[in-house]
**Q** 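Before we start, here is the structure in question, set down as structure tokens.
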Number of protein chains: 2
Amino acid sequence: MTQSIKTPEWVKDAIFYQIFPDRFANSERVTKPSNLEAWDASPTPHGFKGGDLLGVAEHLDYLHDLGISAIYLNPVFQSASNHRYHTHDYYKVDPLLGGNDALRELLDAAHARGIRVVLDGVFNHASRGFFQFNHIIECGKQSPYLDWFTVKSFPLNAYDEKQKPNYGAWVGLHALPEFNTTNPQVREFIFDVAVRWIEFGIDGWRLDVPHEIDDDSFWQEFRRRVKNANPEAYIVGEIWTPAQRWLEGDQFDAVMNYVLTQPLMSFFGARTLAPLWHGGTYPPAKPMNAPEFAQAVESALSLYDWEITSAQMNLLGSHDTPRFVNMVGGDRSALRLAMLCMMTLPGAPTIYYGDEIGLSGGYEPESRGGMPWDRSQWDVELLGYIRGAIQLRNAHAALRRGTYRTLLAEGEQLAYARELDGERLIVAFNAAADPQTLHVPLAGGGSPRVLFGEVQEITRQDAVVSINALSRSGVVIALQN
Amino acid sequence: MTQSIKTPEWVKDAIFYQIFPDRFANSERVTKPSNLEAWDASPTPHGFKGGDLLGVAEHLDYLHDLGISAIYLNPVFQSASNHRYHTHDYYKVDPLLGGNDALRELLDAAHARGIRVVLDGVFNHASRGFFQFNHIIECGKQSPYLDWFTVKSFPLNAYDEKQKPNYGAWVGLHALPEFNTTNPQVREFIFDVAVRWIEFGIDGWRLDVPHEIDDDSFWQEFRRRVKNANPEAYIVGEIWTPAQRWLEGDQFDAVMNYVLTQPLMSFFGARTLAPLWHGGTYPPAKPMNAPEFAQAVESALSLYDWEITSAQMNLLGSHDTPRFVNMVGGDRSALRLAMLCMMTLPGAPTIYYGDEIGLSGGYEPESRGGMPWDRSQWDVELLGYIRGAIQLRNAHAALRRGTYRTLLAEGEQLAYARELDGERLIVAFNAAADPQTLHVPLAGGGSPRVLFGEVQEITRQDAVVSINALSRSGVVIALQN
């Protein structure tokens with residue numbers, strides 16, 4: 001199997017920006033119904049703020065300036081939920097988002113700037129309003145679509161939430177009827193949706209809870225269809241755990257790399273970790289020191305073939321988690337360091353919209369706030385730091401595709417090398433609250449030059465580079481011959 | 001107002017065939033789900049038989065041979081009901097019918113044969129699965145679409161049929177939420193649907209219960225939009241009563257002419273009328289003699305401007321009624337005579353699918369049986385008679401566009417003249433159970449020649465044509481100079 005593993009080249013060079021469409025930006029060109037929630041009010045479970053895809057298109061310059069090269073959009077298809085994971089119609093972009101025409105404009109404008117767009121594919125479950133499920137609610141045993149879902153008795157109690165659903169429903173939620181993916185017509189339906197949007201021009205699918213369709217042959221065929229339509233389409237699964245089963249080259253290209261997210265919080269946020277948030281989507285967390293973190297990184301990087309590893313979707317948080325800054329008790333230094341670390345590790349970094357300007361928020365719905373466009377509300381220093389880290393990654397192929405090697409891991413000190421084609425970079429962190437000197441052992445020659453970060457002094461003596469590091473700081477150094 | 005009344009020219013020459021899409025013909029080219037009702041089993045309220053639009057396209061030769069020039073299709077949009085009056089999505093032809101592509105093929109094939117296609121527009125109410133209504137079910141007070149419907153309290157009790165619906169619902173049916181057509185966005189939505197399908201190529205709209213949208217300005221704007229997209233598009237309302245309000249030239253072109261249907265049953269079916277059926281959609285009926293019938297016809301023809309009258313949609317029955325043959329106690333002679341009468345009166349005759357081969361059926365769902373395509377089940381004599389009457393109308397413009405004048409109305413004897421541009425036709429009926437001689441008074445000269453129907457003898461003496469008519473017979477005579 002191994003020799004055939006192939007992932008999209010562009011992903012290895014990509015920096016993603018994740019957008020929750022109802023909350024990023026609102027275009028005046030999309031007519032909206034009247035009953036919307038205020039943009040800056042606290043998000044609620046069922047309220048809509050009216051963000052749309054033309055709003056995204058109108059802010060592509062912002063993303064381009066930030067150095068973003070790909071967008072991962074949370075679901076955009078017609079749905080009666082603000083997160084749109086309850087799909088009503090897989091062939092229509094939601095009218096609140098501007099419909100299919102708005103996605104057309106967004107794709108064209110993004111592609112013109114070299115920015116790719118990946119959609120969220122929610123194929124395990126539909127919604128109660130989804131046609132074929134609604135058909136069974138309405139027609140009962142006489143619906144031709146009985147075998148599209150798993151119905152245990154009639155009539156369906158879809159809207160009687162006092163009883164357990166008498167049909168297959170995701171985590172027992174009435175609102176999320178699960179497809180019967182053993183039905184060949186259902187499989188064809190899902191494959192057709194997947195291919196139709198690839199042909200429309202999207203650059204890949206992020207797959208929601210794909211392990212729930214517990215059937216390798218399903219995802220193998222899914223991959224064949226999608227790659228046949230576009231060999232460079234990205235297929236990335238939402239799997240929170242090690243995921244070898246799906247990453248042997250015949251199913252997904254990558255997963256959302258929560259396996260790395262948790263050490264990033266535990267190390268850079270060790271001093272301020274907010275254990276309150278754990279136990280939601282995250283397992284209980286405890287602080288990590290540098291040796292534990294280096295171990296976790298090496299473990300994460302060794303799970304899969306390098307083709308996969310360098311195309312992983314790395315992230316600090318998402319719509320499914322509290323924002324990173326909330327996970328680390330509000331400490332923006334932890335966010336900065338984790339961002340720099342993510343920008344210097346193998347795998348495509350992903351920024352959850354607003355993290356770069358200091359937006360905060362706990363578990364949903366709080367983590368899905370309206371993006372403020374009044375810059376007086378932004379942490380411009382944070383934004384500048386993150387933009388710099390992004391530009392650094394974009395400028396140095398070694399950070400994207402180079403080998404990884406831990407150089408130093410002691411207490412709160414960490415350093416690692418990234419090397420490619422003779423380019424040798426050192427990334428070093430002092431996570432401590434006080435200035436410290438890092439003694440980074442190095443093979444080979446070359447004099448150090450700071451590419452990113454403030455340091456007091458760097459000296460090289462034989463096989464050791466000594467870095468007088470500020471408190472809570474990171475630095476990227478090039479070794480030049 | 002009167003001088004501006006204008007209706008489509010083609011309708012005045014058209015003979016319609018009404019098709020209930022789930023029941024007319026089933027193409028092997030449309031993939032169907034598994035759980036379908038047997039084609040020849042008695043129809044049930046919620047069962048699907050799997051007829052589709054490619055099936056219609058594949059039987060256009062049959063319709064063309066019959067002499068049909070237009071099709072009125074019962075609703076075709078995605079719907080979780082076999083009649084599809086519960087619309088789930090106005091922009092999609094139902095997948096069971098073959099989807100939008102099947103309508104494309106049907107339209108192209110029909111137009112190639114000179115056959116026009118009118119769709120059923122169900123704009124007063126949607127369904128519980130319709131996106132914006134489902135949205136309110138799912139999101140409650142926080143749905144942006146609250147003002148698309150008339151919601152009285154929350155949560156919606158859409159699926160709790162033990163309570164009355166707490167929202168505007170057609171005739172109190174939970175399944176049929178009524179649009180709030182005072183909302184400009186709802187109006188635009190409906191107008192957009194109407195125009196979109198006209199632009200797709202349909203030839204008009206039959207409007208379901210349009211009086212329920214009790215707003216002249218709505219239908220005036222509807223007409224402007226539709227006629228702007230295609231000035232020859234036909235707009236015909238389902239209004240069962242005299243309908244002057246809508247037929248002044250600024251709303252509809254015509255209505256379904258049930259005002260004429262009822263006399264046709266009462267006169268030609270006088271001997272066998274099945275009063276059992278009345279009290280459903282029909283008012284209580286009693287038999288009519290010829291003078292009463294002639295009076296009813298003249299009254300019906302005088303209701304509107306001639307432009308309207310000659311574009312009325314005449315019919316003997318529909319999906320909303322028992323079939324005509326059932327209304328008249330199974331007497332096919334009544335069906336034959338009524339067909340001939342409809343083919344010789346002003347207004348576009350409409351044949352409800354299967355009536356022409358003797359298909360029977362009471363109130364719904366019985367009147368919506370599967371069309372048998374095994375010709376051994378057909379009444380070929382009836383079919384031949386009706387085909388002849390159709391061909392007669394198609395051959396003689398006087399029957400379509402000529403003036404109407406009652407010549408004789410006594411007992412069970414009826415005769416009327418249709419004249420146009422010097423062509424003078426006499427239509428005569430002996431509805432009695434025995435042979436009778438009709439003495440038809442005539443002004444002007446000309447010797448009689450039988451165009452249609454069997455008669456024993458016709459003689460002319462001065463201003464009277466005497467017709468020795470067979471029992472239960474009709475004849476059409478041309479007067480030639």
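Below, chains carry the letters A, B, ... as their sequence lines are ordered, and counting in each starts from 1. Because the structure is predicted, anything quoted here is derived from the model rather than measured.
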**Q** Is B:Phe131 close to chain A through its backbone or its side chain, or both, or neither, when contacts mean heavy atoms under 4.5 Å?
**A** both

**Q** Does any part of the side chain of A:Trp205, heavy atoms only, come nearer than 4.5 Å to the side chain of A:Ile202, both counted from C-beta?
**A** yes

**Q** Quick one: of A:Ser127, A:Pro33, A:Cys139, who has the most non-hydrogen atom pairs under 4.5 Å with chain B?
**A** A:Pro33

**Q** Under 4.5 Å, counting heavy-atom pairs only, tell me which of B:Asn134, B:Asp160, B:Leu146 racks up the most with chain A.
**A**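 Between B:Asn134, B:Asp160, B:Leu146, the count favours B:Asn134.
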
**Q** Please report the closest heavy-atom contact between A:Ile213 and A:Phe123, naming both atoms and the distance.
**A**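 For A:Ile213 versus A:Phe123, the nearest heavy atoms are CD1-O, 3.5 Å.
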
**Q** Shorter than 4.5 Å, heavy atoms on both sides: which option in A:Ala175, A:Ser143, A:Pro45, A:Ala158 has the most such pairs with chain B?
**A**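 Option with the top pair count is A:Ser143.
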
**Q** Which residues in residues 87-108 of chain B have any heavy atom closer than 4.5 Å to a heavy atom of chain A?
**A** B:His88, B:Asp89, B:Tyr91, B:Lys92, B:Asp94, B:Pro95, B:Leu96

**Q** Report yes or no: do B:Asp22 and B:Asn82 form a side-chain donor-acceptor pair below 3.5 Å?
**A** no

**Q** Hey, which of B:Glu37, B:Lys141, B:Arg128, B:His86 has the most heavy atom pairs under 4.5 Å with chain A?
**A** B:Arg128

**Q** Does the distance from a Lys or Arg side-chain N to an Asp or Glu carboxylate O, for A:Glu58 and A:Arg29, drop under 4.0 Å?
**A**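 Yes, this pair counts.
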
**Q** Verify whether the ring centers belonging to B:Tyr353 and B:His59 lie closer than 6.0 Å.
**A** no

**Q** On a heavy-atom basis, which atom in B:Tyr85 and which in B:Pro75 lie closest, and how many Å separate them?
**A**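 Shortest heavy-atom separation between B:Tyr85 and B:Pro75 comes out as CZ-CD, 3.3 Å.
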
**Q** Of the non-hydrogen atoms in A:His125 and A:Val209, which two are nearest, and what is the gap between them?
**A** CE1-CG2, 4.0 Å

**Q** Would you call B:Glu199 and B:Arg196 a salt bridge, using N to O less than 4.0 angstrom?
**A** no

**Q** Sort out for me which residue in A:Thr182, A:Asp215, A:Thr181, A:Asp192 forms a side-chain hydrogen bond (donor to acceptor under 3.5 Å, both in side chains) with A:Arg187.
**A** A:Asp215

**Q** Please classify the contact between A:Gln185 and chain B as side chain, backbone, both or neither, with a heavy-atom cut-off of under 4.5 Å.
**A** side chain

**Q** With only heavy atoms counted, which part of A:Glu188 is less than 4.5 Å from chain B, the side chain, the backbone, both or neither?
**A** neither

**Q** Quick one: ring pair (Phe, Tyr, Trp, His ring centres under 6.0 Å) pairs with a partner in residues 32-56 of chain B, sequence neighbours left out?
**A** A:His135-B:Phe48

**Q** Looking only at heavy atoms and a cut-off of under 4.5 Å, which of A:Ser81, A:Ser79, A:Gly50 has the most pairs with chain B?
**A** A:Ser79

**Q** Against chain B, label A:Phe130 side chain, backbone, both or neither, depending on which of its atoms sit under 4.5 Å from a heavy atom there.
**A** backbone

